[in-house]
Amino acid sequence: MADILLRGGRVIDPARNLDVTADVLLQDGKVARIEAGIAAGAAKVIDVKGMWVVPGFIDLHCHLREPGQEYKENIATGTAAAAAGGFTAVCAMPNTVPPNDNRAITELMVRRAQEVGMVRVYPIGCITQGQKGENLAEMGELQDAGCVAVSDDGRSVMNSEVMRRALEYARGLGLVVIQHAEDVSLSANGPAHEGAASTRIGLRCQPSAAESAMVARDLELVALTGARYHVAHVSCAETVRLVREAKRRGLPVTCEVTPHHLTLTDEACAGYDTSTRVNPPLRSAADLAAVREGLADGTIDAVATDHAPHSPIEKDVEFEQAASGMIGLETALPLCLDLVATKKMTPLALMDRMSTAPAKILGLPGGTLAPGSIADVTVVDPEAVWTCEAGRFRSRSHNSPFIGRSLRGRAMLTVVGGKIVFAEEKLLG
Ligand SMILES: [Zn+2]
């Protein structure tokens, strides 16, 4: 593979608190040097003036649908979407068909990702067998086969005793437990957030307490067990407050927020567009402000897409019948850049939440441009304005409420282990 010299970009490395204009030389799959005026030698030179050179984004939470639902997405299309969005690594949730609760499924996912050769794929294994919330999955076997964490995402571990044992077992293995926090007796599969908008438009709804009550219970179990706990897709002010307090108490807790919970409120559901049906649901303006604040002050550690592809079979139906989820890998960056445009976050802080922090949470390679580290690098044009169009998605599914919208900011180049896996034509000239 050819060496690459990224010439004259704004180099942002949150792992070293670095934000300078310099050249970046990628050599033999590693970051070799960061300096001004590096001689090109035999390297392929790419002019990135006016752009950011950052450690590749790492998504802690996406659904690649393989095995079992390849009509929605597969590992090839999902990782192509990831690369186009600037991601160099993604964690694949275990609610495949069948669920990833055993070695064979994990190994299949790892093998497929290697064959495809786009971005790194880290499977997440189930907490419980078949995600049924009853008997623990063989976490040691899952870890051995390549799983980097456990979660029953899509479902909450409702039984407190099962959750306690899961935390204890995972702790022994050094695995993080990722909880889709939802008290299902309280949420009752409500498709919308309980608030003024749902009342007005007449949708069944679930209160934000369905999430925060589950997080409150879990935090007590974390205090009891000392296990590493991560809250998936935080959506409401109460959860942000609980996590903030738990961190103050010194509990080993981290959490993530999706780009859509950072940018849309329950008002987006007013037109009954089924692509706005997500779980947890889009919340109130106060919740939106709280998660933005939480991400800015570091209470929320990471941005994670919860990229959830669905076909028209699941989405061209009544709002109440529609499956939950929207795709997100290819729109995450411009949505999050709004926090920089509105001066809520510095570029350095946002890149931390999209790369350095996720790497740290699961102990993954990447998340830094330090010389000697793997060459997982993304080049961002923060000012590129483009229209989000269905035909442009690499994802096999098009369930996005952002279609037709003008967005600002794009990944221009994505490099994984020194190999270019995505490039905008005009950048390579
Ligand atoms: Zn979930």
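Side-chain atoms are counted along with the backbone in the values below, which use heavy atoms only and exclude waters and symmetry mates. For ligands, and for the atoms within them, numbers begin at 1 and follow the listed sequence.
- Here the options are Thr254, Val177, Leu251, Leu175, the test is side-chain contact (heavy atoms from CB on, under 4.5 Å), and the partner is Arg228; only Thr254 passes.
- Among the heteroatoms counted here (N, O or S) of His180, ND1 is the one nearest to the Zn ion (ligand 1).
- Partner of Glu383 under the salt bridge (charged side-chain N to carboxylate O under 4.0 Å, His left out) criterion, out of Arg408, Arg410, Arg10: Arg408 alone.
- For the Zn ion (ligand 1), the set of nearby N, O or S atoms under 2.8 Å includes one belonging to Asp153.
- None of the N, O or S atoms belonging to His61 lies under 2.8 Å away from the Zn ion (ligand 1).
- In summary, Arg217 and Asp183 do not engage in a salt bridge, as defined by a charged side-chain N under 4.0 Å from a carboxylate O.
- The aromatic rings of His61 and His233 are tilted relative to each other, their planes meeting at an angle between 30° and 60°.
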